[in-house]
Number of protein chains: 2
Amino acid sequence: MLYQTIKDALPTLAETSADKKTTGKLPSERQLQQQFNSTRVTVREALMRLEAEGVIYRQNRIGWFLCPKRLLWDPIQKVNFYQLAKNQGLHARTGLLACKKTQANSDICRAFALDGQSEFYEIYRIRYLDERPVMVEKIYCPAGQFPGLEDKALDGSITTIFQDDYRVKVSHEQSDIIVTALPDDKAEQLNLNGGAACLKIIRKRFNTNQELVDYNIEYWLHSAIEMRVQSN
Amino acid sequence: MLYQTIKDALPTLAETSADKKTTGKLPSERQLQQQFNSTRVTVREALMRLEAEGVIYRQNRIGWFLCPKRLLWDPIQKVNFYQLAKNQGLHARTGLLACKKTQANSDICRAFALDGQSEFYEIYRIRYLDERPVMVEKIYCPAGQFPGLEDKALDGSITTIFQDDYRVKVSHEQSDIIVTALPDDKAEQLNLNGGAACLKIIRKRFNTNQELVDYNIEYWLHSAIEMRVQSN
DNA sequence: CAGTGGTCTAGACCACGAT
DNA sequence: TCGTGGTCTAGACCACTGG
């Protein structure tokens, strides 16, 4: 199986392609095809397996790259994203893609115990680690509860805005985590390809009165993250 | 993209192929190729994407099947596997593949603060949900601490054996969780194909003295499991 | 033994990126 | 504009499953 051959050669490959000390880009698929005396379909199958393994990733229409180390995350701790990254020597950044008032699907309405006509803020954001896009998220919160939210600095910490501007404090949260494939529209935002493995996290955050504060849907590039949990 | 077409047709497909009330098996790749006027490579790409999504899975050289619902698991709770499954209407079973005394790799020795010459029990097991293989695990524990372990009923709860037969009580644990591809040897045991997405969980369990009791490496078929965690 | 999935070959066309 | 990745066609051989 070609996959093993390529895997063993990976370190060399990334080096040789490195014009200067560049980003760990692999040679083009056609170059690999020649080098390994194979065909493009086969080369791609091998690359996709390495992608599944979390060893390489690809950027849409750009090429294949070696994966940097994963961000270590504890789903129990309510830690600030920037702080978490910094502690691990990574630079975090958040980009705001959109913020609009809209209605939400039935799952979300039900979670808030609101009916289907209710208005929500939908905040669409993207997160980078060392300028590599690794996650997109949509945050839903009831519009009535956060007047003027669209004018806040939404490319920072939402938790801080809730707390400082609206006196709403998140006390605990629940995360649902599954492995799935990146939907095409999310992939596009991340400059990745639809179908890549990802972690889908649905996070519900509550205040001390057990009321839902916001509903968050995240898609993480699977090779960018590692989870560590501690039972008591 | 063919993938969407097939996805939409999935319910119909699983039905039509069902000889009797069978397991949700899809038609053969060649049948699909004809039905959708395409080629096998393309059909397979579409199927593999659906597999990545967690909608279908394949058994090695048998075919493609619709996925049953996922087992919901809380990595914080130290719940018995059988009980967990039962609560969710699933039937759990464990098979013992092997149990031997052996040396362990450096990661594991270091975790136990033992040197590379130390002997360990290595217990290799497989777990089924409704008779579908969904996980393989290797459990390592220091041989000296558990004399005669190989003669116990290792297809049941290890925790119970530790507690009842050796007076060793697990008090807390730490789990490391990443998404990766199923290695070929693990895939073989599961009757699956190497390269399928999986959850790899490394779990360390400690006694009340903060001493490591066992070291567990699990590979879960990704579409068989969903995680739910609650922060305090 | 017939049919299946696993793996591979040898091309093709298009849209987009880098230049 | 040229090369790249994204998608697809049309075959092939083999090992294994299931009847």
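Convention: sequence-line order gives letters A, B, ...; per-chain numbering from 1.
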Participant: Return the value, rounded to whole Å, for the distance between atom CG of L26(A) and atom C1' of dT4(D).
Facilitator: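 Taking CG of L26(A) and C1' of dT4(D), I get 14 Å after rounding.
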
Participant: Taking atom types as modelled, is there a side-chain donor on T94(A) or Y82(A) under 3.5 Å from an acceptor on the other?
Facilitator: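 Yes - a donor-acceptor pair under 3.5 Å links their side chains.
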
Participant: Do E122(A) and Y140(A) pass the side chain to side chain donor-acceptor pair (under 3.5 Å) test, and can you show the C-alpha distance, the side-chain angles, and the key distance before you say yes or no?
Facilitator: CA-CA 5 Å; E122(A) 178 191 277; Y140(A) 294 88; 2.9 Å; yes

Participant: Of R30(A) and R44(B), whose closest DNA chain C nucleotide lies nearer the 5' terminus?
Facilitator: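 Mapping each residue to its closest nucleotide by heavy atoms, the 5'-most match is R44(B).
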
Participant: Can you pull the contact range of chain A along DNA chain C, 5' to 3', using atoms under 4.0 angstrom from its heavy atoms?
Facilitator: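 Reading along DNA chain C, I get dT7(C) to dA18(C).
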
Participant: Could you check whether R40(B) gets within reach of a base, just the sugar-phosphate, or nothing at all, counting any heavy atom under 4.0 Å?
Facilitator: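 Here R40(B) touches the bases of the nucleic acid.
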
Participant: What do you reckon, are the aromatic ring centroids of F120(A) and F112(A) less than 6.0 Å apart?
Facilitator: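 F120(A) vs F112(A): aromatic centres under 6.0 Å.
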
Participant: To the nearest 0.5 Å, what is the distance between OH on Y124(B) and NZ on K100(B)?
Facilitator: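 NZ of K100(B) is found 10.0 Å from OH of Y124(B).
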
Participant: Identify whether the distance between the nearest side-chain nitrogen and carboxylate oxygen of R228(A) and D74(A) falls below 4.0 Å.
Facilitator: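 Between D74(A) and R228(A) there is no salt bridge, as every charged N stays at least 4.0 Å from the carboxylate O atoms.
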
Participant: Starting at CG of L32(A) and ending at C1' of dG5(D), how long is that distance when rounded to a whole Å?
Facilitator: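 After rounding, the gap between these two atoms is 12 Å.
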
Participant: Want to settle it: does V41(B) or Q59(A) sit nearer the 5' end of DNA chain D, counting the closest nucleotide to each?
Facilitator: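 Final value for this comparison: Q59(A).
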
Participant: At a cut-off of 3.5 Å, list every protein nitrogen or oxygen paired with a nitrogen or oxygen from nucleotides 16-19 of chain D, distance to 0.1 Å.
Facilitator:
none

Participant: What's T39(B) touching, base or sugar-phosphate or nothing? Going by heavy atoms closer than 4.0 Å.
Facilitator: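 T39(B): base contact, heavy atoms under 4.0 Å.
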
Participant: Taking the side chain as every heavy atom from C-beta outward, state whether R58(A) and R44(A) have any atom pair closer than 4.5 Å.
Facilitator: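 In contact.
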
Participant: With a non-hydrogen cut-off below 4.0 angstrom, is S28(A) in contact with a base, only sugar-phosphate, or nothing?
Facilitator: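 The residue S28(A) makes sugar-phosphate contact but no base contact.
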
Participant: Hey, is R49(A) close enough to D184(B) for a salt bridge, meaning N to O under 4.0 Å?
Facilitator: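 Looking at D184(B) together with R49(A), the answer is yes, because their closest N to O distance falls below 4.0 Å.
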
Participant: Locate the shortest heavy-atom distance separating A187(B) from N193(B); write the atom from each residue and the value.
Facilitator: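 Heavy-atom minimum between the residues: CB-C, 3.5 Å.
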
Participant: Do the side-chain N and O atoms of D185(B) and Q189(B) include a donor-acceptor pair separated by under 3.5 angstrom?
Facilitator: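 No donor-acceptor contact under 3.5 Å links the two side chains.
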
Participant: Under 4.0 Å between any heavy atoms, over every strand shown, what does N191(A) touch: base, sugar-phosphate, or nothing? Just pick one.
Facilitator: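 Answer is nothing: N191(A) stays at 4.0 Å or more from every strand.
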
